There are 2 protein chains.
Amino acid sequence: MPRKSTTLDPQRLDNQICFAVYSAAHAFNRVYKPLLDRLGLTYPQYLVMLVLWERDDVPVKDIGEKLFLDSGTLTPLLKRLEAAHLVKRTRSREDERQVLIALTPQGHALKEKARAVPQSILAASDCSVSELVAMKDEIVALRDRLNAVIGE
Amino acid sequence: MPRKSTTLDPQRLDNQICFAVYSAAHAFNRVYKPLLDRLGLTYPQYLVMLVLWERDDVPVKDIGEKLFLDSGTLTPLLKRLEAAHLVKRTRSREDERQVLIALTPQGHALKEKARAVPQSILAASDCSVSELVAMKDEIVALRDRLNAVIGE
DNA sequence: TCACATTTAATTGTTCGCAATTGAATGTCC
DNA sequence: GGACATTCAATTGCGAACAATTAAATGTGA
């Protein structure tokens with residue numbers, strides 16, 4: 001009575017790997033939420049702040065390329081960050097099509113308050129740093145292969 | 001001149017496993033989209049259909065537990081599936097609090113049309129089955145550890 | 001039996017995420 | 001220089017995702 005193995009059936013594997021990623025993303029979000037609530041940020045807003053803490057005064061497009069997000073997502077998000085006095089949005093003088101995003105003093109200051117976040121996540125993941133780094137690299141490689149297929 | 005290595009800075013975007021998972025989930029979604037468009041489904045709707053193709057006539061809560069989603073997400077999603085004539089929603093006779101979700105004939109029939117989806121995804125991931133299985137297991141284990149922390 | 005807690009879906013409001021479109025600014029080619 | 005395409009952000013509309021609340025059905029204990 002040959003029965004197909006559930007864990008090896010390639011028909012199901014894609015569902016499993018994709019669902020694993022999908023559900024892990026939500027789990028991460030739920031762990032981040034209480035931490036980010038204290039900073040007044042959502043997770044996507046936190047990602048934008050991470051980008052800006054590395055380099056300031058960049059056009060929306062640059063942020064979008066780093067985070068794989070488009071203006072339909074970023075424009076309202078950045079307006080909310082502006083309303084929270086964390087960033088300032090100004091049209092570029094050299095190229096009026098671009099909107100440059102700069103941190104306010106409050107935006108810069110928030111970096112210090114956010115220092116504790118990564119450790120808390122590390123603790124919650126209950127995993128060694130080297131293991132996490134290895135996993136991260138694998139997932140990034142998979143993501144990049146998927147993204148390479150999209151533009152075809 | 002002690003300088004923190006940027007490759008180890010936990011506050012850097014590229015070092016965050018969460019962003020890897022987050023962006024990989026979006027990449028998967030973008031690969032799935034053209035395939036699922038042909039079925040008239042979104043990815044979360046496809047997940048619900050996968051659950052129902054395995055077992056039918058289940059309460060909303062059961063679907064939510066399998067997919068880690070609550071009624072705030074599922075109720076409108078299931079109403080859209082009902083509007084598309086893929087499922088039927090009926091109050092349970094034994095327990096009037098529950099709403100049972102059953103597939104319509106069209107809902108059952110869609111399973112056949114969805115057969116081609118997994119191969120396409122596997123091809124796009126461009127990865128050996130054994131590698132994918134290993135990754136999936138690691139990600140699920142990480143997700144479960146994260147979910148375990150949440151209820152504390 | 002009756003008060004009370006629990007379970008279950010539904011609802012409301014906010015924020016993402018993306019496709020498609022718009023409109024202004026810039027680049028290119030003749 | 002002028003027609004044309006391209007680039008960039010903003011907008012619109014739809015579908016998640018989730019917190020918080022509501023309301024009905026059910027379970028429990030005195």
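Just so you know, these numbers come straight off a predicted model, no measurement behind them. In the text below, chain A, chain B and the rest are named by the order of the sequence lines, each starting its count at 1.
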Spacing of A/Asp62 atom CG relative to D/dT7 atom P, expressed in whole Å: 15 Å
So how far is it from A/Leu36 CG to A/Ser120 OG, rounded to the nearest 0.5 Å? 10.0 Å
A/Arg91 side-chain N/O to A/Leu100 backbone N/O, donor-acceptor pair under 3.5 Å: no
Within residues 79-102 of chain A, residues whose heavy atoms come under 4.0 Å of DNA chain C: A/Arg80, A/Glu94, A/Asp95, A/Glu96, A/Arg97
Looking at A/Asp126, is its backbone amide N or carbonyl O close enough to the side chain of B/Arg145 to form a donor-acceptor pair, meaning the two atoms are under 3.5 Å apart? yes
Pairs under 3.5 angstrom, nitrogen or oxygen only, protein versus nucleotides 17-22 of chain C, please.
{"from": "C/dG17", "atom 1": "OP1", "to": "B/Tyr22", "atom 2": "OH", "distance (Å)": "2.9"}
{"from": "C/dG17", "atom 1": "OP1", "to": "B/His26", "atom 2": "NE2", "distance (Å)": "3.3"}
{"from": "C/dG17", "atom 1": "OP2", "to": "B/Tyr22", "atom 2": "OH", "distance (Å)": "2.4"}
{"from": "C/dC18", "atom 1": "OP1", "to": "B/Arg30", "atom 2": "NH1", "distance (Å)": "2.6"}
{"from": "C/dC18", "atom 1": "N4", "to": "A/Gly72", "atom 2": "O", "distance (Å)": "3.4"}

Please state whether the rings of B/Tyr46 and B/Trp53 are parallel, tilted or perpendicular, taking 30° and 60° as the class boundaries. perpendicular
Chi angles and distances behind the ring pair (Phe, Tyr, Trp, His ring centres under 6.0 Å) call for B/Tyr22, A/Tyr43: CA-CA 10 Å; B/Tyr22 167 90; A/Tyr43 181 68; 5.4 Å; yes
Please pick, from D/dG15, C/dT15, C/dT8, the nucleotide with the shortest atom-to-atom distance to any side-chain atom of B/Lys61. C/dT8
When rounded to whole Å, the OH to P distance for the pair A/Tyr32 and D/dC18 reads 16 Å
Rounded to the nearest 0.5 Å, what separates atom CG in A/Leu50 from atom CG in A/Leu41? 9.5 Å
B/Asn147 side chain to B/Ile150 main-chain N or O, any donor-acceptor pair under 3.5 Å? no
Approximate separation, where rounding is to 0.5 Å, of B/Arg55 CZ and B/Leu103 CG: 12.0 Å
Give me the residues of residues 51-59 of chain A where at least one heavy atom lies under 4.0 Å from an atom of DNA chain D, by number, or none. A/Pro59
Once you round it to whole Å, what is the distance between P of D/dA16 and OH of B/Tyr43? 13 Å
